[in-house]
Structures are given as structure tokens and as C-alpha cells.
Amino acid sequence: MTKKMVAKSISDCIDWIKGQMCSFNKASWGIYERIRIDQNQRVCWTRPDCNAEFLFVLDLNKQINNIDSDEYFENILQWLLKKQNGPETGDKVGSFPFYFLDGCFTDGESGRCLYQNDNGKVLYSLLSLSRISDDDTLLQSCKSLADFWVKNQSEKGYFFNPEIPDMHSLAKGPCFVGWMMMGMYKIYSITNKQKYLVSARKALKYLLDDIILESRIRTSYELEKFEAWRPYSSELAIVLYALTIAIKNETAQPLKEQAIIKVKASLKQMEKLQHKTGAIVNNDDNLPDGLTLQTDKNLCDLVYTQGFALRALVEYYQTLKDDKALKMAKRLGEFLVNIQCKNESPLWDGAWRGAYNVESKCWSGRCTQNNKIDEGGMFSVYTGWCCTNIMLGLLSLEKYLND
């Protein structure tokens, strides 16, 4: 795998999003969530987190591959900033709703829901844009978002306040804490405001004390019987990424050392889940029952795992200088470039579908475990979560490849 191959892969996926998944007039109302192949449907949800991740992709691609910025970036950014909850929403000011129909209308309780992981990904993505330090409007938006969640963090460290309307209540799992913690460390590194560091540390201590066990992590499904379709590999990848970001930014030595011990153990777990193809499979035989209902160890999940894992492995290498992590990242990156959709359909060529069987070497599997809308699996083709995170991982990996 070469830099040129990776750059071509990223270009093809960006072209797919621009060609098939954008709202009217170059994404003036954002990009759509996904295609459901078996339903012959392009889902008309435009989600703040998917759009923030795509902004991060466009910005990083501009920096790394010298791609000129375009109207898509500005249109999406302006749409996103307009969709942040404002003063008229009362206690919800600063937060982002789950999704909008066609970029405009919220859809009942579901669309208005405030998800901790989605909001955390928006915060981290926007703070990672190269213009953040000199764009006051953008930074103020991020401060407002972070302030909302600082005010509504529990003493335990996870982010939930039962008094806030529409806030997602099942918030104790690692995916709902890790992303927000990363955002808090990121905004502290930019603003040097202690309230963000205090929040990040509370979240980190919760992960270290309550989530990361000696030989495994506790999952959202184990804790609250939620996200049954999310494989164990997904939250392991998020924990690995979140701890690495914490180590990169934490100055309290005892806390940092505790995080280093646990992140090294998490890497060992992920190493056990890496298949000879390079893919990170959903599960293995050594894990106990009750962590997830997505248990097929021959499947690798692309919506919730591969992109997060790739980003985590590269970040781990950059932070802890462990060559093993970079080798794992290169193997995973090559696998992803090789299975990228080609000559399947002009509707999704250039993208990645949601689940792949590493033994039969074809798209396979569903995310229908207690989940009627099948959020993943072989028939889902996601912009955010899946394709954006894979591209972000490939972009971060590119500089470690040969021409």
C-alpha cells in the first residue's frame, strides 16, 4: 500500500459523498446519513456528527494532500453552526440535536434527542479544524457546546442530567463517555480553561475505575442493555482512542501513568481481535457472554469499529511510539483500501458498506439485534461514522507510507 493508493481511496470516497450524499446546492443543508441498499433508500437524515466529521476530512485532506478548499466545506460549516441549539431552547443551549430531516426539520423525540457520543464527536471534530484558533465564531460555538456538557456531567463522570429535556438517558457506556472526554481535553488544550480539564479528568477516572477491567472493558449493552447491535470491538476501539488522547494531554502524572497501563492492555486486546487480513473482528472466544448481541467472530464491523480503530492505532503510535501499533494500523489500512466498494453501483462506489465477513471475503451481516432500523451491516452505507472515520484514519496513516 502506497501514499498514492491511499490518496486515491480518500478521493474516491469524497467524490461519492459529494456526488450522491449531499443536499441541494453543494450540501447547503448538510450531507445525508446513509444509503439502505435493501430498502432502496437514501436516508434523508442530516446529522450534525456526520457533517462535523466530513468537515474534518475535507480540512485534513486539504492540509495533507494539498486539495483546494471548496464551497462544500463552507456550506456544511455554516449549516452546522445554524443548527446548534440556541437561547430559544432554554436549558439545551449549546447542544446539537440528533438529526434533521433534509437538513431542516427535527423529527419528534428521536430527532431532538441529545446524544453524548454524537455531541462529543462534533466537539472533537470542530476543534480539530485548522482554522479553529483564529475563527472566533467557530471557537465560540465549541465553547457553548462544551459548556452545556460540563454543566450536565454527573459527579460520577459520565454525562447525564435527568432534568434536561430530550437528553439521552443511557449514558454510562464507554462510547458515550469517551468521545466527550476527548472533546474536553481538546478544548482545554486550546483555551487552557480549567473547567474543561476538570471535566475531562472526571470522565477519565470514570473510565479507568468503572469501565476498564483487567482483561476487558464493560460495554453499553452489559451496563444498560443498550446498543445490542454494537460489537465489543467498537467500544474497545473508542476506549483505546480516548485513553490515548487523554495520555497526550494529561499532566497529572499518577493519573497519566494509570491511563498508560490500561491503554497498553487495551492494545493487547485489540491485537487479539486483528484478523490475518488486517481487519478488527467483532468478537473472540475469550470474551464472556452478555457484552453484545453482535457476536459473529468472522464479521468485522465498519460502521462502529474499523475507522475508530485505525484512528486510535495511529494516535497510539504517535503518542506512545510503539511500532506494534503502527504495524497494526498499516495492516488495517491496507485491508480497508482493498475492500472499498468498486464496480458495485454508482450509488455507493467509493464508499464502504457496514459489515464484512473475513472468511467468506464478502459483505455480510446485519445490525438488527434489538434494532429495527438496522444501523449498520451489509446493506448500510454510511457517510459519517463509517466512511468519514475510515478516511480520517487513512489520512493520519498516509505520512507513514512510502510513495
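With 3.5 Å as the limit, one finds a donor-acceptor pair spanning the side chains of Tyr400 and Gln318. Counted by atom type alone, Tyr241 and Arg311 present one or more donor-acceptor pairs between their side chains at under 3.5 Å. For the residue pair Tyr232/Gln269, the side-chain donor-acceptor check at 3.5 Å is satisfied. Side-chain polar atoms of Arg112 and Thr106 form no donor-acceptor pair below 3.5 angstrom. With hydrogens and angles left out, the side-chain atoms of Glu53 and Thr388 include a donor and acceptor closer than 3.5 Å.
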*asked:* I'd like to know whether Trp352 forms a side chain to side chain donor-acceptor pair (under 3.5 Å) with Gln306, so could you lay out the CA-CA distance, the side-chain angles of the two residues, the decisive distance to 0.1 Å, and finally the verdict.
replied: CA-CA 11 Å; Trp352 287 269; Gln306 308 307 310; over 6 Å; no

*Output, in order, the C-alpha distance, side-chain angles, deciding distance and verdict of side chain to side chain donor-acceptor pair (under 3.5 Å) for Asp374 and Trp229.*
CA-CA 9 Å; Asp374 195 12; Trp229 61 92; over 6 Å; no

*Evaluate the side chain to side chain contact (heavy atoms under 4.5 Å, CB included) criterion for residues Glu155 and Lys202: first the C-alpha distance (whole Å), next the side-chain angles of each, then the deciding distance (0.1 Å), finally the verdict.*
CA-CA 8 Å; Glu155 282 305 309; Lys202 283 171 65 176; 3.7 Å; yes

*asked:* Test side chain to side chain donor-acceptor pair (under 3.5 Å) on Thr319 and Thr244; report intermediate values, then the result.
replied: CA-CA 7 Å; Thr319 303; Thr244 305; 5.9 Å; no

*Can Asn283 and Thr295 be said to form a side chain to side chain donor-acceptor pair (under 3.5 Å), step by step?*
CA-CA 6 Å; Asn283 212 331; Thr295 57; 5.2 Å; no

*Step by step, work out the side chain to side chain contact (heavy atoms under 4.5 Å, CB included) result for Lys83 and Thr46.*
CA-CA 11 Å; Lys83 290 305 176 183; Thr46 50; over 6 Å; no

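Less than 6.0 angstrom separates the ring centroid of Trp179 from the ring centroid of Phe308. Ring pair Tyr356/His275: centre-to-centre distance not below 6.0 Å. You'll find the ring centres of Phe100 and Trp29 outside the 6.0 Å limit.
For the atom pair CG (Asn282) and CG (Leu299), the distance works out to 5.5 Å, reported to the nearest 0.5 Å. In this structure, CH2 in Trp149 is found 16.0 Å from CE in Met181, a value given to the nearest 0.5 Å.
Checked by atom type and distance alone, the side chain of Thr383 pairs as donor or acceptor with a backbone atom of Tyr32 at under 3.5 Å. A donor-acceptor pair is defined here as one N or O able to donate and one able to accept, closer than 3.5 Å; no such pair exists between the side chain of Tyr196 and the backbone of Ile190. No donor-acceptor pair closer than 3.5 Å links the side chain of Asn25 to the backbone N or O of Ser28. Between the side chain of Arg42 and the main chain of Gln20, a donor-acceptor pair closer than 3.5 Å is present.
Residue Lys4 qualifies as open at atom NZ: its count of foreign heavy atoms under 6.0 Å is 12 or below. Within a 6.0 Å radius of CD in Gln253, other residues, nucleotides and ligands contribute more than 12 heavy atoms.
Between Asp285 and Lys297, at least one side-chain nitrogen of the basic residue sits less than 4.0 Å from a carboxylate oxygen of the acidic one, meeting the salt-bridge criterion. A salt bridge is absent between Glu250 and Lys205: the closest approach of a Lys/Arg side-chain nitrogen to an acidic carboxylate oxygen does not fall below 4.0 angstrom. For Asp70 and Lys18, the salt-bridge test passes: some basic side-chain N is under 4.0 Å from an acidic carboxylate O. A salt bridge between Lys342 and Asp12 is absent, with no side-chain N of the basic residue lying under 4.0 Å from a carboxylate O of the acidic one. Under a 4.0 Å N-O distance rule, the pair Lys264/Asp322 does not qualify as a salt bridge.
In this structure, Lys186 is not positioned above the aromatic face of Tyr188 in the sense of NZ or CZ being under 6.0 Å from the six-membered ring centre and within 45° of the axis.
Side chains of Val150 and Val198 form no contact here, defined as non-hydrogen atoms less than 4.5 Å apart. Here the side chains of Gln116 and Met167 are in contact, with some heavy-atom distance below 4.5 Å. Between Arg216 and Leu287, some side-chain heavy-atom pair lies under the 4.5 Å cut-off.
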